[in-house]
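Heads up: the structure comes next, in C-alpha coordinates.
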Amino acid sequence: MNNKHQRSLVLTGFMGTGKTSVGRKIAQRLEVPFFDIDALIETREAQSVRAIFETQGQAYFRAREAEWCTWLARAETAVIATGGGALVDPRNRSAFGCCYIVCLDAAPLEIAARLGNARERPLLSDPSALERIERLLSERRAAYAALARHVDTTGKSIAQVAEEIIALYRAESGRP
Ligand code: S3P
(Lines give C-alpha, C1' and ligand atoms only; values in the text may rest on other atoms or scores of the structure.)
Protein backbone atom coordinates (compact mmCIF):
# COMPACT_ATOMS: atom_id res chain seq x y z
CA MET A 1 0.00 0.00 0.00
CA ASN A 2 1.52 3.35 -0.87
CA ASN A 3 -1.20 5.83 0.10
CA LYS A 4 -0.55 6.80 3.72
CA HIS A 5 -4.07 8.14 4.14
CA GLN A 6 -5.93 5.03 3.05
CA ARG A 7 -8.40 4.25 5.82
CA SER A 8 -7.40 1.59 8.29
CA LEU A 9 -8.67 -1.95 8.02
CA VAL A 10 -10.34 -3.21 11.21
CA LEU A 11 -10.91 -6.94 11.74
CA THR A 12 -13.51 -7.95 14.24
CA GLY A 13 -15.74 -10.97 14.91
CA PHE A 14 -16.17 -13.71 17.47
CA MET A 15 -13.28 -15.37 19.34
CA GLY A 16 -11.53 -17.96 17.21
CA THR A 17 -12.44 -16.46 13.85
CA GLY A 18 -8.78 -15.66 13.13
CA LYS A 19 -8.67 -11.87 13.57
CA THR A 20 -5.11 -11.74 14.89
CA SER A 21 -3.54 -14.27 12.50
CA VAL A 22 -5.36 -12.92 9.46
CA GLY A 23 -4.70 -9.30 10.48
CA ARG A 24 -0.98 -9.93 10.88
CA LYS A 25 -0.85 -11.57 7.46
CA ILE A 26 -2.74 -8.73 5.76
CA ALA A 27 -0.52 -6.11 7.40
CA GLN A 28 2.59 -7.93 6.11
CA ARG A 29 1.15 -8.14 2.60
CA LEU A 30 0.10 -4.46 2.57
CA GLU A 31 3.26 -3.32 4.39
CA VAL A 32 1.42 -1.33 7.04
CA PRO A 33 1.59 -1.52 10.85
CA PHE A 34 -0.48 -4.11 12.68
CA PHE A 35 -2.17 -3.49 16.04
CA ASP A 36 -3.88 -6.11 18.17
CA ILE A 37 -6.04 -4.47 20.84
CA ASP A 38 -5.87 -7.38 23.32
CA ALA A 39 -2.06 -7.42 23.02
CA LEU A 40 -1.89 -3.64 23.51
CA ILE A 41 -4.03 -3.90 26.65
CA GLU A 42 -1.91 -6.77 28.00
CA THR A 43 1.31 -4.82 27.43
CA ARG A 44 0.00 -1.60 28.95
CA GLU A 45 -1.51 -3.39 31.98
CA ALA A 46 1.37 -5.89 32.27
CA GLN A 47 -1.24 -8.63 32.75
CA SER A 48 -2.95 -11.21 30.57
CA VAL A 49 -6.56 -10.59 29.48
CA ARG A 50 -7.59 -13.47 31.74
CA ALA A 51 -5.83 -11.91 34.74
CA ILE A 52 -7.37 -8.51 34.02
CA PHE A 53 -10.86 -10.07 34.00
CA GLU A 54 -10.09 -11.88 37.26
CA THR A 55 -8.49 -9.04 39.17
CA GLN A 56 -10.10 -5.88 37.78
CA GLY A 57 -13.29 -7.23 36.23
CA GLN A 58 -14.81 -7.15 32.79
CA ALA A 59 -15.97 -3.51 33.04
CA TYR A 60 -12.37 -2.38 33.59
CA PHE A 61 -11.23 -4.40 30.55
CA ARG A 62 -14.05 -2.95 28.40
CA ALA A 63 -13.07 0.59 29.41
CA ARG A 64 -9.43 -0.01 28.37
CA GLU A 65 -10.64 -1.60 25.13
CA ALA A 66 -12.82 1.44 24.35
CA GLU A 67 -9.85 3.76 24.92
CA TRP A 68 -7.76 1.82 22.40
CA CYS A 69 -10.61 1.86 19.86
CA THR A 70 -10.83 5.65 20.10
CA TRP A 71 -7.08 6.06 19.90
CA LEU A 72 -6.47 3.62 17.01
CA ALA A 73 -9.34 5.04 14.96
CA ARG A 74 -7.21 8.17 14.57
CA ALA A 75 -4.05 6.30 13.53
CA GLU A 76 -2.66 6.46 10.02
CA THR A 77 -3.32 3.50 7.78
CA ALA A 78 -2.95 0.27 9.72
CA VAL A 79 -4.51 -3.12 10.18
CA ILE A 80 -6.24 -3.42 13.56
CA ALA A 81 -7.51 -6.64 15.17
CA THR A 82 -10.07 -6.08 17.92
CA GLY A 83 -11.08 -8.54 20.63
CA GLY A 84 -14.31 -10.38 19.89
CA GLY A 85 -16.42 -8.22 22.21
CA ALA A 86 -15.05 -4.80 21.25
CA LEU A 87 -17.48 -3.85 18.51
CA VAL A 88 -20.47 -5.29 20.33
CA ASP A 89 -20.51 -1.83 21.95
CA PRO A 90 -22.07 0.61 19.46
CA ARG A 91 -19.75 3.39 20.71
CA ASN A 92 -16.74 1.40 19.51
CA ARG A 93 -18.46 0.67 16.19
CA SER A 94 -18.95 4.38 15.68
CA ALA A 95 -15.38 5.18 16.83
CA PHE A 96 -14.20 3.09 13.87
CA GLY A 97 -16.83 4.62 11.59
CA CYS A 98 -14.17 6.08 9.30
CA CYS A 99 -12.37 2.73 8.95
CA TYR A 100 -12.91 -0.27 6.69
CA ILE A 101 -14.43 -2.82 9.08
CA VAL A 102 -14.62 -6.53 8.26
CA CYS A 103 -16.36 -8.98 10.58
CA LEU A 104 -14.98 -12.52 10.44
CA ASP A 105 -17.52 -15.30 10.93
CA ALA A 106 -17.17 -19.04 11.52
CA ALA A 107 -19.44 -21.96 12.33
CA PRO A 108 -19.71 -22.62 16.11
CA LEU A 109 -18.27 -26.14 15.80
CA GLU A 110 -15.24 -24.82 13.98
CA ILE A 111 -14.80 -22.03 16.55
CA ALA A 112 -14.87 -24.66 19.33
CA ALA A 113 -12.29 -26.80 17.49
CA ARG A 114 -9.99 -23.82 16.87
CA LEU A 115 -10.15 -22.64 20.47
CA GLY A 116 -9.54 -26.02 22.08
CA ASN A 117 -10.16 -25.61 25.80
CA ALA A 118 -9.66 -21.82 25.55
CA ARG A 119 -7.98 -21.49 28.95
CA GLU A 120 -6.82 -17.97 28.22
CA ARG A 121 -10.29 -16.74 27.19
CA PRO A 122 -12.19 -15.79 30.34
CA LEU A 123 -15.58 -15.76 28.64
CA LEU A 124 -15.27 -19.34 27.38
CA SER A 125 -13.60 -21.10 30.25
CA ASP A 126 -16.42 -23.35 31.38
CA PRO A 127 -16.40 -26.97 30.25
CA SER A 128 -19.40 -26.73 27.89
CA ALA A 129 -17.56 -24.56 25.39
CA LEU A 130 -19.80 -25.27 22.38
CA GLU A 131 -22.95 -24.35 24.30
CA ARG A 132 -21.29 -21.22 25.64
CA ILE A 133 -20.12 -20.24 22.13
CA GLU A 134 -23.63 -20.68 20.72
CA ARG A 135 -25.17 -18.65 23.54
CA LEU A 136 -22.67 -15.78 23.27
CA LEU A 137 -22.95 -15.79 19.47
CA SER A 138 -26.70 -15.48 19.67
CA GLU A 139 -26.44 -12.69 22.27
CA ARG A 140 -24.11 -10.85 19.90
CA ARG A 141 -25.89 -11.64 16.63
CA ALA A 142 -27.54 -8.23 16.29
CA ALA A 143 -24.32 -6.34 17.07
CA TYR A 144 -22.28 -8.30 14.52
CA ALA A 145 -25.12 -7.99 11.99
CA ALA A 146 -24.87 -4.20 12.31
CA LEU A 147 -21.49 -4.45 10.55
CA ALA A 148 -21.72 -4.15 6.78
CA ARG A 149 -18.94 -6.51 5.65
CA HIS A 150 -18.64 -10.14 6.65
CA VAL A 151 -16.24 -12.85 5.55
CA ASP A 152 -16.97 -16.48 6.42
CA THR A 153 -13.75 -18.18 7.51
CA THR A 154 -15.21 -21.69 7.96
CA GLY A 155 -12.98 -24.28 6.30
CA LYS A 156 -10.54 -21.64 5.01
CA SER A 157 -6.86 -21.13 5.76
CA ILE A 158 -5.47 -17.90 7.20
CA ALA A 159 -3.86 -17.13 3.84
CA GLN A 160 -7.14 -17.67 1.96
CA VAL A 161 -9.07 -15.38 4.28
CA ALA A 162 -6.32 -12.74 4.11
CA GLU A 163 -6.35 -12.75 0.30
CA GLU A 164 -10.15 -12.57 0.21
CA ILE A 165 -10.13 -9.50 2.45
CA ILE A 166 -7.30 -7.78 0.56
CA ALA A 167 -9.25 -8.26 -2.69
CA LEU A 168 -12.41 -6.76 -1.13
CA TYR A 169 -10.51 -3.87 0.41
CA ARG A 170 -8.77 -3.05 -2.86
CA ALA A 171 -11.93 -3.39 -4.94
CA GLU A 172 -13.92 -1.11 -2.64
CA SER A 173 -11.10 1.42 -2.46
CA GLY A 174 -10.81 1.46 -6.26
CA ARG A 175 -7.21 0.28 -6.09
CA PRO A 176 -5.52 -2.08 -8.56
C1 S3P B 1 -13.47 -11.37 24.16
C2 S3P B 1 -12.60 -11.79 23.21
C3 S3P B 1 -11.16 -11.91 23.44
C4 S3P B 1 -10.71 -10.93 24.54
C5 S3P B 1 -11.54 -11.13 25.77
C6 S3P B 1 -13.03 -10.92 25.52
C7 S3P B 1 -14.93 -11.30 23.85
O8 S3P B 1 -10.44 -11.62 22.25
O9 S3P B 1 -10.83 -9.61 24.08
O10 S3P B 1 -11.29 -12.43 26.24
O11 S3P B 1 -15.66 -10.65 24.59
O12 S3P B 1 -15.33 -11.86 22.80
P13 S3P B 1 -10.36 -12.64 20.98
O14 S3P B 1 -11.62 -12.48 20.20
O15 S3P B 1 -9.16 -12.15 20.23
O16 S3P B 1 -10.19 -14.00 21.55
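Worth saying up front: this structure is predicted, and the values here are computed from it rather than measured. As the structure lists them, so they are numbered: ligands from 1, and atoms in each ligand from 1.
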Check each atom of ligand 1 against the heavy atoms of K19 and keep those under 4.0 Å away; list them by number with element. 13 (P), 14 (O), 15 (O)
State, with a plain yes or no, whether a side-chain heavy atom of L72 is found less than 4.5 Å away from one of L40. yes
Looking at ligand 1, does R50 have a heavy atom less than 4.0 Å from it? no
For a 4.5 angstrom cut-off between non-hydrogen side-chain atoms, does L123 reach L136? yes
Side chains of T12 and T82: any donor to acceptor distance under 3.5 Å? yes
Any chance the side chains of R114 and T153 put a donor and an acceptor closer than 3.5 Å? yes
Pick one of side chain, backbone, both or neither for how E42 approaches ligand 1, counting any non-hydrogen atom pair under 4.0 Å. neither
Would you say G13 has any N or O atom under 3.5 Å from an N or O of ligand 1, going by distance alone? no
In terms of side-chain heavy atoms, does R24 have a donor or acceptor partner in Q28 at a distance below 3.5 Å? no
Is the shortest heavy-atom distance from the side chain of R64 to the side chain of E45 under 4.5 Å? yes
Taking heavy atoms and a distance under 4.0 Å, where does L123 meet ligand 1: side chain, backbone, both or neither? side chain
Any atom of ligand 1 sitting under 4.0 Å from a heavy atom of Q58? no
Quick check: G84 and ligand 1, any N/O pair under 3.5 Å apart? yes
